[in-house]
Amino acid sequence: QVQLVESGGGLVQPGGSLRLSCAASGSIFSINAMGWYRQAPGKERELVAVVTSGGSTNYADSVKGRFTVSRDNAKNTVYLQMNSLKPEDTAVYYCYAEVVRASVRVPTDYWGQGTQVTVSS
């Protein structure tokens, strides 16, 4: 079984910064992509940022220029550096990974349990 464990969420004032981490573990052959989604109350889950194994990135327009996604392929870990945080960034942030498991050929999506990020004065 593949598990994704997030850390780094919390309460921060507007304009502040947080750094989220997510580590994948289990019988992993490779990880094609890792990233972050978020869901605020009353809204649907939306993509925040993803990065592929080759280093390509994709960001939501609302976070571009403020957030940076990166990954350590050797450690199967993805990070989200969040700067200039705004109240509208408040949401549960979910780690995402497209994983190829050992002995399994079809890539499979996995999700973390979510970590709360609250931006408030």
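For the single chain, residues carry numbers from 1 onward in sequence order.
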Membership question, hydrophobic clusters at under 4.5 Å side-chain separation (ILVMFWY): are Val63 and Val12 in the same one?
yes
When rounded to the nearest 0.5 Å, the distance separating CD of Gln116 from OG1 of Thr90 is 7.0 Å
Hits for ring-ring contact (aromatic ring centres under 6.0 Å, His included) against Tyr59, two or more places apart or cross-chain, chain-then-number order -> none
- Check whether any side-chain heavy atom of Thr57 lies under 4.5 Å from a side-chain heavy atom of Val50, and answer yes or no. no
For the side chain of Thr52 and the backbone of Ala33, is there at least one donor-acceptor N/O pair under 3.5 Å apart?
-> no
Item checked: Ser84 backbone acceptor or donor facing Arg66 side chain under 3.5 Å -> yes
| query | Does Phe29 reach the side chain of Val99, with side-chain heavy atoms less than 4.5 Å apart? | reply | no
- Query: So do the side chains of Asn73 and Ile31 get within less than 4.5 Å of each other, counting heavy atoms only?
  - Reply: no
Margin query: Taking the side chain as everything from C-beta on, heavy atoms only, tell me whether Asn58 gets closer than 4.5 Å to Val51.
Written below: no
Distance col, row Ser121:OG vs Gln13:CD, nearest 0.5 angstrom, shows 7.0 Å
- Considering only heavy atoms from C-beta outward, does the side chain of Arg38 approach that of Asp89 to under 4.5 Å? yes
Phe67/Leu20 under side-chain contact (heavy atoms from CB on, under 4.5 Å): CA gap, chis, key distance, verdict
CA-CA 11 Å; Phe67 292 9; Leu20 305 183; over 6 Å; no
| Taking the side chain as C-beta and beyond, is there a heavy-atom pair between Leu11 and Ser120 under 4.5 Å? | yes
* Asked: Please walk me through it: do Asp72 and Thr77 pass side-chain hydrogen bond (donor to acceptor under 3.5 Å, both in side chains)?
  -> CA-CA 5 Å; Asp72 185 335; Thr77 300; over 6 Å; no
Practice prompt. Verify the ring-centre separation between Tyr96 and Tyr37: is it less than 6.0 angstrom?
Written response: yes
Rounded to the nearest 0.5 angstrom, the CD-OG1 distance for Gln81 and Thr68 is 7.0 Å
Any link between Val2 and Val78 through a network of hydrophobic side chains (Ile, Leu, Val, Met, Phe, Trp, Tyr) touching at under 4.5 Å? yes
Q) With the 4.5 Å side-chain cut-off for hydrophobic clustering, are Ile28 and Met34 part of the same group? A) yes
- Query: Between Glu6 (side chain) and Cys95 (backbone), is there a donor-acceptor pair under 3.5 Å?
  - Reply: yes
Q.
I'd like to know whether the aromatic ring centres of Trp36 and Tyr93 sit less than 6.0 Å apart in this structure.
A. no
Check the hydrophobic clustering (I, L, V, M, F, W, Y; side-chain heavy atoms under 4.5 Å; chains of links allowed) and say if Tyr110 and Leu80 are grouped together. yes
Could you check whether any side-chain heavy atom of Pro14 comes within less than 4.5 Å of a side-chain heavy atom of Pro87, counting everything from C-beta outward?
yes
| message | Could you go through Glu44 and Gln39, starting from their C-alpha distance and side-chain angles, then the distance that decides it, and tell me whether this counts as side-chain hydrogen bond (donor to acceptor under 3.5 Å, both in side chains)? | response | CA-CA 6 Å; Glu44 66 180 11; Gln39 187 167 23; over 6 Å; no
- Are the side chains of Val117 and Leu18 in touch, meaning some heavy atoms are under 4.5 Å apart? yes
Sequence neighbours excluded, the answer for side chain to side chain contact (heavy atoms under 4.5 Å, CB included) partners of Ser7 is Ser21
Arg45 NZ/CZ over Tyr94 ring centroid, <6.0 Å and within 45° of normal: yes
Point to revise | Arg71 to Tyr79, cation-pi by 6.0 Å centre distance and 45° axis angle | key: no
For Cys22 and Leu4 the tightest heavy-atom approach is SG-CB, 3.8 Å
